[in-house]
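Notes follow once the structure below has been shown.
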There are 2 protein chains.
Amino acid sequence: MGKNYLAFFNKFYKTKRRLPSYREFMALAGLKSTNAVHKIVAKLEEEGFLRRDDGGRLAPGSRFLGVPVLGNIAAGFPTPAEEELCDTMTLDEYLIGHKEATYMLKVSGDSMIEAGIMPGDLVLVERGRQPRDGDVVVAEVDHAWTLKYYKKTGEHITLVPANRKYRPIVPTDELNIAAVVVGAVRKYKV
Amino acid sequence: MGKNYLAFFNKFYKTKRRLPSYREFMALAGLKSTNAVHKIVAKLEEEGFLRRDDGGRLAPGSRFLGVPVLGNIAAGFPTPAEEELCDTMTLDEYLIGHKEATYMLKVSGDSMIEAGIMPGDLVLVERGRQPRDGDVVVAEVDHAWTLKYYKKTGEHITLVPANRKYRPIVPTDELNIAAVVVGAVRKYKV
DNA sequence: TAGTATAGTGAACAAGTGTTCACCTTGTCA
DNA sequence: TGACAAGGTGAACACTTGTTCACTATACTA
């Protein structure tokens, strides 16, 4: 078993956001021949960590970025450290559809707490999308911005909070919907 | 205003996971001189979309990956399409600390629903971390895996669900804690 | 003990790299 | 009309790229 050369690639990628060239990696890993790198890369490519396109330039493989998805929680953890059956994915690819129209907002207030959106969470919202019945939207009500369910029955529109403490809102004159929520993210400070 | 050359970079990066060379971009954008690319890149670098390190090799800038964070939801949306004050960030960088020990699990069951973790959500869990009082953990109880709060008072450990329908669990013989939840992610099908 | 993978060295190669120069359009604005 | 800037061409430059060859040292196995 050789050294953990993948760690060098990871570290380089983390700061530079690209993969090193063979010479750069030589210096990183303390090697003295590009051929050594060539062989290391071939192995990492085989394992799915790196990718090479025409011309041999390196790109991150599917296992380089991304986190392994283990499947349903009821299945628990695969007891050994080996699990090839699962795939990996990056959160950005998973959550973001139209990157140009997507923004993040930090949630304050508890108006959607029963929908699992807690204060402090980040919501991913997409602009310019037509809200549909049942969507969570970013709306302006009473000159303040909040999250609400968008309920549409016929032509009748109601903004419904997911919190028994608050009442549904029937917009009076103008209804300002800035964006539709496409995802929610919570980080636990552990 | 020239064409939207950034879109070419985005599309290339999305499929190849690296940035194109000048010649490759020439072909993409239908240009006939590397110098044209040179000037385009200089502009995109100035705007923060691209980065160049020594040797001129390209890397994604801070605005290339990542989503703009607009701040608190109460502030709503900045009315024009201009907001330079906010920063951008990628979800992976935000949520993932120790990438090698991090996995994703799809949540089934409603035992943590009052903590904002709904069935169908994805939780990010980190292995090999010592759980502390109040953490959400992946635990094996009654030969099944679930999410529970990890409550520790003195030497006494209880696994507490965030759902009034279920009762806290006092582990009898052995307590198997596989991982600690460090994040939660929900995707709305819009 | 000899045999054989494994991992790395060192040098050479053609091809591709970003940069820089002078030059050419084209549209804008005074 | 003339000046000017923006955006693109075309060619040359020195340098870096990944690849390949033959060779060496080390460790393990039969």
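Here is the naming used below: chain letters follow the sequence lines, and residue numbers restart at 1 for every chain.
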TODO: Pull out every residue in residues 50-62 of chain B that has a heavy atom closer than 4.0 Å to any atom of DNA chain D, ordered by number, or say none.
DONE: R57(B)
TODO: Tell me, please, which residues at least two apart from E140(A) pass salt bridge (Lys or Arg N to Asp or Glu O under 4.0 Å).
DONE: none
Open item on the list: Under the rule for ring-ring contact (aromatic ring centres under 6.0 Å, His included), what residues qualify as partners of Y149(B), not counting sequence neighbours?
Closed with: none
Task: Atom-pair distance (CE on M26(B); P on dT19(C)), nearest Å - done: 15 Å
Task: Gap between atoms OH and C1', on Y22(A) and dG8(C) respectively (whole Å) - done: 15 Å
Task: Sequence neighbours excluded, every pair satisfying salt bridge (Lys or Arg N to Asp or Glu O under 4.0 Å) that has a member inside residues 30-48 of chain A - done: E45(A)-R52(A)
Open item on the list: Using OP1 and OP2 only, check whether a side-chain N or O of H38(B) sits under 4.0 Å from dT19(C).
Closed with: yes
Open item on the list: Without decimals, in angstroms, what is the distance between L19(B) CG and dT17(C) C1'?
Closed with: 15 Å
Task: Residues forming a ring-ring contact (aromatic ring centres under 6.0 Å, His included) with H98(B), sequence neighbours excluded - done: none
Where do N or O atoms of nucleotides 9-14 of chain C meet protein N or O atoms at under 3.5 Å, pair by pair?
from, atom 1, to, atom 2, distance (Å)
dT9(C), OP1, K32(A), N, 3.2
dT9(C), OP2, K32(A), N, 2.9
dT9(C), OP2, S33(A), N, 3.3
dT9(C), O4, N35(A), ND2, 2.5
dG10(C), N7, S33(A), OG, 3.0

- [ ] List in chain and number order the residues that pass ring-ring contact (aromatic ring centres under 6.0 Å, His included) with F49(A), two or more places apart in sequence or in another chain; answer none if no residue qualifies.
- [x] none
- [ ] Please check the phosphate of dG8(C) (OP1 and OP2 only) for any side-chain N or O of Y5(A) closer than 4.0 Å.
- [x] yes
TODO: Decide if the gap between the ring center of F64(A) and the ring center of F9(A) is smaller than 6.0 angstrom.
DONE: no
- [ ] Using the test ring-ring contact (aromatic ring centres under 6.0 Å, His included), find all partners of Y22(B) that sit at least two apart in sequence or belong to another chain.
- [x] H38(B)
Open item on the list: In whole Å, I'd like the distance from the CD1 atom of I40(A) to the P atom of dT6(C).
Closed with: 15 Å
Open item on the list: Holding to salt bridge (Lys or Arg N to Asp or Glu O under 4.0 Å), I want the full list of residues that pass it with K189(B), two or more places apart in sequence or in another chain.
Closed with: none
